[in-house]
2 protein chains.
Amino acid sequence: MSRPHGVQAEPGQSRYAALAAALRTRIVAGDWPPGTALPAEQQLAAEQGVALGTMRRALELLTGQGFIERVHGRGTFVKPGLSGASPLRFFRFGDGAAAPASRILARDTLPVPAGAAQQLGIAPGTPALRLHRLRLLAQQPRLFEEIWLPLPLFSTLASGDPADWGDLLYPLFASRCGVHVHRAQDVIGFCTLDGAPAQALALPPGHPCARVQRQAFDLAGRCIEARTTLGDAHAFHYTVSIT
Amino acid sequence: MSRPHGVQAEPGQSRYAALAAALRTRIVAGDWPPGTALPAEQQLAAEQGVALGTMRRALELLTGQGFIERVHGRGTFVKPGLSGASPLRFFRFGDGAAAPASRILARDTLPVPAGAAQQLGIAPGTPALRLHRLRLLAQQPRLFEEIWLPLPLFSTLASGDPADWGDLLYPLFASRCGVHVHRAQDVIGFCTLDGAPAQALALPPGHPCARVQRQAFDLAGRCIEARTTLGDAHAFHYTVSIT
DNA sequence: AAGTGGTCTAGACCACATC
DNA sequence: ATGTGGTCTAGACCACTTG
């Protein structure tokens, strides 16, 4: 008995988990780029010589892991990537209606310091792109960001006028560099403001501030951005649900 | 009640969603108390005149919502409630190995102030139980907590020696008051220390601190605890994953 | 050995989106 | 009208736990 195009299940692993892993591998490899549709579940099931329900369970797994989205009547699509997950969501500045704006204060190619290097998984001292960026709400500067980007990948951002970048970075990463942010992790902490950030935010040195350290990852799990965001501690608020 | 077909599906609602809602109602009503086992899925399916797979989907829904736990080979159990979700998890004090201890500084029956009343969903000024509690790590006071508890429910805690309560409150709520915490929500912010909390934590007035405001809810969705936790802002840290 | 949940099958039919 | 995913059925067999 032989299956047409079978997937090997490791011992102790269910058939649908093996199918999900195989599909995940193909998605990460780029067989179906972000935003495109997978074959119909019927076809996938037939290809793998498996019952429809089994393939559906595999696809449900991938949905839960954030790799695909299923739309009733339309199809199954590779998730296009995060677009609006700004650290601004951790702050309340009282002008909820106003659209956030962003201004690039500096863009330099510099040897990456130890901290950012570790987050990016590259050797310290490697040249990388460093951005200083201000986020504004209702013309008021609210957040100061330092962003490190690894350099072969983001070299197209090293030239051109940053004023043309728009207010969101992740769509820019996708369109200009082909980098899709699949997942991110923010570590929240507390510190006091000093130097350039204090000046940019028009707050006195020593002012208490909330710090959000972000690592952003692509589909393959590589860290493609290390970002530190600083904002007034008194405007910080975040809600956690426990179950 | 022994009609073979038990559950009405509202229009637009799937059969398994209706079954889940019906089971959820019975769980909240106390038909199966926390920790006890539900009937086998086979039996539940037969009772409701539904296929096994459909009942399984209903039970999967309830699992995802945190109402039940399924254990292979043993059965399906109503979740016993949260036990270890201390706000301590938001802080790093460098002595990870040490077991946290707690000390009740004050216990009073007082008219509940506006803020706590709103969180608890009761009228301001209603008598309620107020606790002041210190959390210690390696003999060092680390967190100061103010806890408001609604009074008919927690009256058994108004007497007796708080020194006998142990270090965890939620197991105490379950054993002494029959209250099981099913879900909680923490709102995180920053402020400055002052007065009693500053003194209890041996920190100077004006010191920056992290504030965790918690609402805890029982199975029925009633808020049964309003708690404010204060700790040194420099020890605060929290990780958020974005997908 | 008996009872439980977990996996898998091979269908049928429904609801939604698009042409 | 066609193709997509969503629901539901009625089984079979497997894996785990307990007496």
Side-chain angles (χ1 to χ4, degrees), chain A residues 1-23 27 32 35-80, chain B residues 4-24 27 32 35-80:
Chain A
M1 192 85 64
S2 72
R3 300 186 202 85
H5 302 78
V7 168
Q8 289 276 26
E10 294 174 17
Q13 193 181 37
S14 54
R15 195 97 173 81
Y16 70 81
L19 290 167
L23 287 172
I27 291 171
W32 303 290
T36 63
L38 269 64
E41 56 184 26
Q42 290 270 9
Q43 186 180 335
L44 286 171
E47 277 175 10
Q48 300 294 331
V50 86
L52 195 61
T54 304
M55 182 53 75
R56 284 187 60 79
R57 290 213 54 175
L59 294 170
E60 277 163 24
L61 249 190
L62 292 180
T63 303
Q65 293 170 350
F67 286 93
I68 60 175
E69 269 173 335
R70 315 200 70 191
V71 186
H72 192 171
R74 298 208 334 113
T76 302
F77 304 86
V78 178
K79 268 216 180 171
Chain B
H5 301 17
V7 173
Q8 290 267 37
E10 294 175 17
Q13 193 181 37
S14 55
R15 195 94 173 81
Y16 70 82
L19 290 167
L23 288 171
R24 187 167 53 241
I27 291 171
W32 303 289
T36 62
L38 268 64
E41 56 184 28
Q42 291 270 9
Q43 185 180 334
L44 286 172
E47 276 176 10
Q48 301 294 331
V50 87
L52 196 60
T54 305
M55 182 55 73
R56 283 186 62 78
R57 290 213 56 177
L59 293 170
E60 278 164 23
L61 250 189
L62 292 179
T63 303
Q65 293 169 351
F67 286 93
I68 60 175
E69 270 172 336
R70 315 200 70 191
V71 186
H72 193 172
R74 297 208 334 112
T76 302
F77 303 86
V78 178
K79 268 217 180 171

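Letters go in sequence order (proteins before strands), and every chain restarts at 1. Please read all numbers here as calculations on a predicted model, not as lab measurements. We use all heavy atoms of the structure for the numbers below, so side chains are in, but hydrogens, waters and symmetry mates are not.
An OP1 or OP2 oxygen of D:dT9 is reached within less than 4.0 angstrom by a side-chain nitrogen or oxygen of B:T54. An OP1 or OP2 oxygen of C:dG5 is reached within less than 4.0 angstrom by a side-chain nitrogen or oxygen of B:T76. Look at B:Y16 and you won't find any side-chain N or O under 4.0 angstrom from OP1 or OP2 of D:dC8.
Taking both residues in full, the closest heavy atoms of A:A45 and A:L52 are given as CB-CA, 4.1 Å, listed atom of the first, atom of the second, then distance. Pairing each heavy atom of B:G35 with each of B:F77, the nearest pair is O-CD2, 3.9 Å.
The separation between A:Q42 atom CD and C:dG11 atom C1' is 11 Å, rounded to whole Å. Rounded to a whole Å, the CG atom of A:L59 is 15 Å from the C1' atom of C:dC8. Rounding to whole angstrom units, CZ of residue A:R15 and P of D:dA15 are separated by 15 Å. The CD-P distance, from A:Q48 to C:dT9, rounds to 12 Å in whole Å. Taking atom CG on B:L38 and atom P on C:dT4, their separation rounds to 12 Å, with Å as the unit. Straight-line distance from the CD atom of A:Q13 to the C1' atom of D:dC14: 16 Å, rounded to whole Å. Atom CG of A:L62 and atom P of D:dG5 are 13 Å apart (whole Å). Distance B:L44 CG to C:dG3 P: 16 Å, rounded to the nearest Å.
Residue-to-nucleotide proximity on DNA chain D shows that, of A:R56 and A:G73, the 5′-proximal contact is made by A:G73. Each of B:Q43 and B:L52 has a nearest nucleotide on DNA chain C; the 5'-most of these lies closest to B:Q43. Position along DNA chain C of the nearest nucleotide to A:H72 versus A:A51 favours A:A51 as the more 5'-ward residue. With DNA chain D read from its 5' end, the first of the two nearest nucleotides for A:R74 and B:A17 is the one closest to A:R74.
When distances are taken from the side chain of A:V50 to each of C:dT4, C:dT9, D:dG5, the shortest belongs to C:dT9. With D:dT7, C:dC8, D:dG5 as the candidates, the nucleotide lying closest to the side chain of A:R70 is D:dG5.
With a 4.5 Å cut-off on side-chain heavy atoms, A:L23 and A:M55 count as touching. Between A:E41 and A:L59, the closest side-chain pair of non-hydrogen atoms falls below 4.5 Å.
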Original post:
Is there a side-chain hydrogen bond (donor to acceptor under 3.5 Å, both in side chains) between A:R70 and A:T76 once you walk through the steps?
Top reply: CA-CA 4 Å; A:R70 315 200 70 191; A:T76 302; 3.2 Å; yes
